[in-house]
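Both counts, for ligands and for their atoms, begin at 1 and track the order of listing.
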Amino acid sequence: MAKKEIYDAASIAVLEGLEAVRKRPGMYIGSTSRKGLNHLIYEIVDNAVDEHLAGFCSLIKVVLERDGSCTVTDNGRGIPVDMHEKGVPAARLVFTTLHAGGKFDNSAYKTSGGLHGVGSSVVNALSAWMDVRISRDGYIHHDRYEAGNPVLELEDGMLPRIGRTKETGSCIQFLPDEEIFEKIRFSATEVKSRLHETAYLNPALTIHFEDLRGEEPEIIEYHEPEGIVGYIKDLNQNTQVLHDPVYLKGESEGIVVEAAFQFVNEFRENVLGFCNNIYNAEGGTHLTGFKTVFTSVMNTYAREIGVLKDKDQNFTGTDIRNGMTAVISIKHPEPRFEGQTKTKLDNPDASRATAKVIGEQMVLFFDRNLDTLKTVLSCAEKSAKIRKAEEKAKTNLLVKPKYSFDSNGKLANCEKKDPALCEIFIVEGDSAGGSAKTARDRSYQAILPIRGKILNVEKASIDKVLANAEIKTMINAFGCGFSEGYGNDFDITKLRYDKIVIMADADVDGAHISTLLLTLFYRFMPELIYEGHVYIAMPPLYKVMPNKGAEEYLYDDKALEKYRKTHKSGSFTLQRYKGLGEMDADQLWETTLNPETRRMKRVEIEDARLASNVTEILMGSDVPPRKAFIYDHAADAELDV
Ligand code: TSJ
């Protein structure tokens, strides 16, 4: 009975074909925003990585072409081109049948999992055109598709051959379809970050990247023979490290487990999980297994060497991991994923296998490296001391006095109480804050003006962060508390506003303030971002008042350029907004507050690597890369009405 249902579901999926993918792209790639767009590249590249894992491919080339398309080439065996069912060459089936992958896939560890790994046919379906060149059996075989449909005639049932070659490999070029995607410009920053990550996870692989779209081509080679140890060094590159990275590896229950870790002199933990080369943003069983065994082994050592006395309580897991950077990478033959974004590893055997391998290997390591053991335990000791002091401070801050921020005149709350209807605007500057208070719809919009630069939380320890008046105000206004390594007191269900909107000037200082706020949310209230509550207002840069016709707001220089092309100079007056403070209440209402007309961008965290890089770039003291980042991303911002 159950078997039959599965069979039926599978055959229906095949029958539906690629048209279904074009009708509901979101179901297959998550979204048609920039995130979904970049995903097309990863989807194709993952096939070449599978070929690498199978032992036949050492080089992958990814080129962002001038015409907006992407070319991915590998030096593997070449996708099989021999005749398959119903007189269609195997390679054509790969690109025209949903879930065709499994049939030819003989690699033990498929990269696909959850939302990922939807297959090359989905990429084909969502491309205006796709061009396929396969080198094998002495020939270059060619195929081409438009909106997923093959456009080349077969020759005696075979793909047309367009040349001879001694090499083997696969080369796929595709242009995302403008009819499907909101934007079709790939983000080089994100693609590079993902390729670099893939290189770290596959130390024998070389990935060659080219971006030919700008004036100067950008060419980078990613090859990381040190593997995840190199990844750890990269993640810790601007921090004070306390010992050499430790690398552990083993196998249990058919699952290969690798881990690398290194402690740094910072108040944070950064533990990243990967299964079959896919980053698990929501963690999962491999991380649980790792954390549990790490805590228990370190507590045992602490008693053995007398760091903990009989009367002392055990260190908590977060005490022990404070300062830790770790990468856990496992290879699982049948990964299952769950969670909001299907990025949380769910297999119970992954927890067992990780705990067993790490437990055994870390004892072998620490027995021979007592200095490192002492370093790690002294971190835990320090953390436990601070935790105890801060538990007191926290009780004083959040439990005893119920801060009323109305009383210090700052938060102008809204009248409605239903969080689903309420919005809070965090406004930079008192004068803009004042206008916003006048302009808002007080029934459901709250205004919280903040002043100056907020504390840099990346560098600060928690007690300093909590001593900051602006931050206290914000935490109390949101209503959910906050979480840091020490226990998790954050409760998203208590959130008092559905939308938290950061409203800062459209200049570099404004971008800096926004970034500091985002770092704060990311570190202490990450669920606000994961659950999509955080927005950035996008105030206009210009207002144009034509001699005849209606006035308009222009949100960026591109829009102004376009306006100038269609309107003669002299036929309109141009007003440039320098800051939010310059707008009167009506203008502020129209451009940033009124849901009918305002523009804002929902904040997404793409992946941990990118986020931690961003923080590093922005919080480091070297100013030039910071500016470059802010401008890059200002141009990237997606308008969300
Ligand atoms: F390069 C690439 F990323 F664009 C890409 C590479 C894209 C796609 C959709 C597939 C591939 C790819 C597939 N590279 N290498 C392969 N290998 C096979 O499909 C293959 C070759 C030979 C055999 C065999 O058993 O002989 C089996 C497989 C799966």
Ring centers of Phe294, Phe261 separated by less than 6.0 Å: yes

Proximity of Phe290 and His286 rings by center, below 6.0 Å: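 Between Phe290 and His286, the centre distance exceeds or equals 6.0 Å.
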
NZ/NE/NH1/NH2 to OD/OE distance under 4.0 Å, Asp131 and Arg133: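 Salt bridge flag = yes for Arg133 with Asp131.
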
Can you list the ligand 1 atoms lying under 4.0 Å from a non-hydrogen atom of [X]?
X: Ser120; value: 9 (C)
X: Pro80; value: 18 (C), 19 (O), 20 (C), 21 (C), 22 (C)
X: Phe95; value: 9 (C)
X: Asp74; value: 1 (F), 6 (C), 11 (C), 12 (C), 14 (N), 15 (N)

Side chain, backbone, both or neither: the part of Arg136 lying under 4.0 Å from ligand 1 by heavy atom: side chain

Ligand 1 versus Phe56: contacting region, heavy-atom distance under 4.0 Å: neither

Contact check, Gly78 vs ligand 1, heavy-atom distance below 4.0 Å: yes

Identified side chain to side chain donor-acceptor pair (under 3.5 Å) counterpart of Thr325 within the set Thr239, Asn270, Asn236: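 For Thr325, the side chain to side chain donor-acceptor pair (under 3.5 Å) test succeeds with only one of Thr239, Asn270, Asn236, which is Asn236.
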
Arg92 side-chain N/O to Leu154 backbone N/O, donor-acceptor pair under 3.5 Å: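 No; judged by distance alone, with no hydrogens or angles, the pair does not exist.
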
Residue list, ring-ring contact (aromatic ring centres under 6.0 Å, His included) with Phe521, at least two apart or on another chain: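 ring-ring contact (aromatic ring centres under 6.0 Å, His included) list for Phe521, sorted by chain: Phe478.
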
Polar atom proximity, Asn47 to ligand 1 (N or O, under 3.5 Å): no

Options Ile41, Asp82, Ile79, ranked by nearest heavy atom to atom 13 (C) of ligand 1, top entry: Ile79

Plane angle bin for Phe186 and Phe174 - parallel if under 30°, tilted between 30 and 60°, otherwise perpendicular: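 Perpendicular: the ring planes of Phe174 and Phe186 meet at over 60°.
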
